[in-house]
Amino acid sequence: MYNWWFSTMFVCICLFQIVKRYAFVRSSAQDELDGEIDFQTMSQAECNILAGACLVLGLRFAGSANNSAFETLLHYANRCYSLSTQPAADLVGKSTIETCLNAVMLSLALVMAGTGNLKVLRLTRQLHCRISVDVPYGSHMAIHMAIGLLFLGGGRYTLSTSGPAIAALLCSIYPRFPENSSDNRYHLQALRHLYVLAAEPRLILPKDVDSCKPCYAPIEIVFKGSSFYDEKTVQMLAPCIIPELKHLKKITVMGPRYLQIILDVEKDAETLKSIFEAGGMVYVKQRAGHLSYEEDPKGYHSHLAHSFTQDGFGYHANGINSKAIRSFTSDPKILTFAEYFCREQPGIAEEDGFNVNLASYLHECVTKEKPHLLPMLAEIHQAMKSVCSNPSPYLLWQIKLLLAYYDFTHARVASDDYSKASLVNAEMCATVSSQLELTLETWLQDNEDKFVRYLIRGQLPDSSSRCLLFCFLLFHDIPSHMEINQIPLMGCSSLPEVCDALQNFNMPVSGLMHILNALQTAR
């Protein structure tokens, strides 16, 4: 939009030809030139014109961190600094060079305000360390102002280029510097503080929504088209200070590691205002299979995890461990869960199936970006595990509600709204259902007589088997003895007859089969 060549040309065209010709001409060449030319005046004019042009450039691009303006001003700042140590300084006057150097340094600090640029900081520290009679109080004040502008608001604030802001900045950096702390002859020193009227917060500070810690995130900024340039897109790495909102069209948090956030400058003006007032914090959500830029700067682990998550058919749940899960996330809670609950436990064969399930749940939650579901899935796992040891009809009923929702309701709801993705996948529901059915069928094989006596006579088993019986009835939707007793089932000898007799109960086929088997056993 604005390159270094145009910036340098703007400064150069401010010089008159006569000034270019006679500035910094040594006495040895004066005899051949017009004797009416005052070479000292020409040299001073060149320094002051260049300093004034740099000051205009600094005010025009104040707070923008424009790289072309920065390179141009840095070039002339180094030129003025090197000129102050050369013999040509005697021709111009060290006080003139010092004043011009201060003006250029302040212009450079205006452009890079709030950025803490290292090159500018190095140059200001060199100028700050000078102790000489040729370096007055005003020079130190100007350099200190430049350092203050460079770190404006601790890096959270920068400068505006609105009309009132430019007026305040011009009063603040007016290039007439005092000789001592009480010198107010040409410029009231209190006016140096007016730069605060031009300061405004424009920091974008991404924050991970899970860990609540600041992080790096690439952002894309779309500039509005103008008479000087067409609409342009620029990519930056946040935390950073963005350009003025009046020049922007859209701000997007992008990149493969974080979910996209789009902020339209016109539609989301109030949102952006509240973000800047709150310190610039923008909460971002890290994608599955990626680590933060601090933990994985080159993205090597992210590429490995991405290929791992995409291979859905080749995944083996029992192969997951704390080392593998580090490729997906750095959440200490998830890593601890993988370390203690998903590791191999040799010699405990009865728990192998449960460890595989836990690893599968963890893989599902982490790779599908829903770690908040891990406690619920762990509770489902615990409910399945307690069916034999400590059966609870209440927990089993909760699982049945979950399975019924994903079997009958979720498909219809998701068809109307494609954004409603399944929180629990079909494979996991099938695994839960099959394991519960296997556990209850195993109990039925050893306690079929108890089930038959309850169904036919209403006789309850002992307390040790009562809860499992209730769980079995609940899982297969088998009515109670009182409801069954009101229907003449003893004459039913086939599945269609039983289905016709119990049609009002809307029972599954598995429940009808168990009732038919119980009737045949009772005969």
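This is a predicted model, so every value here is computed, not measured.
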inquiry  = Checking K273 against I275 for the side-chain contact (heavy atoms from CB on, under 4.5 Å) test, could you report, in this order, the C-alpha distance in whole Å, the side-chain angles of both residues, the deciding distance, and whether it holds?
reply    = CA-CA 5 Å; K273 182 180 178 181; I275 287 174; over 6 Å; no
Other residues, nucleotides, ligands: >12 heavy atoms within 6.0 Å of K207 NZ =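 Buried by this count: over 12 neighbours within 6.0 Å.
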ask   = Is it true that atom CZ of R192 has more than 12 heavy atoms of other residues, nucleotides or ligands lying nearer than 6.0 Å?
value =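 Yes, CZ of R192 has more than 12 neighbouring heavy atoms, counting only those of other groups under 6.0 Å.
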request  = Taking side chain to side chain contact (heavy atoms under 4.5 Å, CB included) as the test, write out the residues that go with S95, two or more places apart.
outcome  =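 Side chain to side chain contact (heavy atoms under 4.5 Å, CB included) check on S95 returns nothing, list empty.
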message = For E266, give me all partners under side chain to side chain contact (heavy atoms under 4.5 Å, CB included), at least two apart in sequence or on another chain.
response =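 In terms of side chain to side chain contact (heavy atoms under 4.5 Å, CB included), with neighbours along the sequence ignored, E266 is linked to K224, D264.
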Looking at residues at least two apart in the chain, or sitting in another chain, which of them share a side chain to side chain donor-acceptor pair (under 3.5 Å) with [X]?
| X | result |
| --- | --- |
| D210 | K285 |
| T161 | E244, K246 |
| H140 | none |
| R125 | none |

key: Ring centres under 6.0 angstrom apart (H247, F223)   =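 No, the ring of H247 stays outside the 6.0 Å limit from the ring of F223, centre to centre.
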Qualifying salt bridge (charged side-chain N to carboxylate O under 4.0 Å, His left out) pairs, either residue in residues 169-185, two or more places apart =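 Sorted result for residues 169-185: D183-R185.
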Check whether any side-chain heavy atom of [X] sits under 4.5 Å from a side-chain heavy atom of [Y], and report yes or no.
| X | Y | answer |
| --- | --- | --- |
| I262 | K250 | yes |
| P206 | P239 | yes |
| H128 | H144 | yes |
| I261 | T252 | no |
| L57 | T72 | yes |
| F276 | I242 | yes |
| D208 | Q286 | yes |
| I251 | L272 | yes |

Under 3.5 Å donor-acceptor, [X] side chain and [Y] backbone:
| X | Y | value |
| --- | --- | --- |
| Q189 | S181 | yes |
| R156 | G279 | yes |
| S172 | L169 | no |
| S82 | N78 | yes |

task = Give every residue pair that meets the ring pair (Phe, Tyr, Trp, His ring centres under 6.0 Å) criterion with at least one member in residues 97-124, sequence neighbours excluded.
result =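 Those involving residues 97-124 do not exist here.
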request  = Could you note down all residue pairs passing ring pair (Phe, Tyr, Trp, His ring centres under 6.0 Å) where residues 78-97 supplies at least one of them, sequence neighbours left out?
outcome  =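 Ring pair (Phe, Tyr, Trp, His ring centres under 6.0 Å) check on residues 78-97 returns no pairs.
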task = Could you name each residue pair satisfying side-chain hydrogen bond (donor to acceptor under 3.5 Å, both in side chains) that touches residues 96-112, not counting sequence neighbours?
result =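 Every side-chain hydrogen bond (donor to acceptor under 3.5 Å, both in side chains) pair that includes a residue of residues 96-112, provided the two are not neighbours, is E98-R130, E98-S139, N102-S139.
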request  = Could you tell me which residues satisfy salt bridge (charged side-chain N to carboxylate O under 4.0 Å, His left out) with R60, sequence neighbours excluded, listed by chain and number?
outcome  =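 R60 satisfies salt bridge (charged side-chain N to carboxylate O under 4.0 Å, His left out) with no residue once adjacent residues are dropped.
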inquiry  = List the residues meeting salt bridge (charged side-chain N to carboxylate O under 4.0 Å, His left out) with K249, not counting sequence neighbours, and say none if there are none.
reply    =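 Partners of K249 under the salt bridge (charged side-chain N to carboxylate O under 4.0 Å, His left out) test: E231.
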From [atom1] ([X]) to [atom2] ([Y]), nearest 0.5 Å:
| X | Y | atom1 | atom2 | result |
| --- | --- | --- | --- | --- |
| I166 | C171 | CD1 | SG | 11.5 Å |
| M105 | C80 | CE | SG | 10.5 Å |
| L73 | L106 | CG | CG | 11.0 Å |
| I97 | L83 | CD1 | CG | 4.0 Å |
| T124 | L108 | OG1 | CG | 9.0 Å |
| M254 | I221 | CE | CD1 | 11.5 Å |

Pair T115-N117, side-chain donor/acceptor within less than 3.5 Å =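 Distance-only check fails for T115 and N117.
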V209 to Y283 - nearest heavy-atom pair and separation =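 Smallest heavy-atom distance, with atoms named: CA-CD2, 4.1 Å.
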query = What do the steps show when you test L50 against C100 for side-chain contact (heavy atoms from CB on, under 4.5 Å), and what is the final call?
reply = CA-CA 8 Å; L50 291 177; C100 295; over 6 Å; no
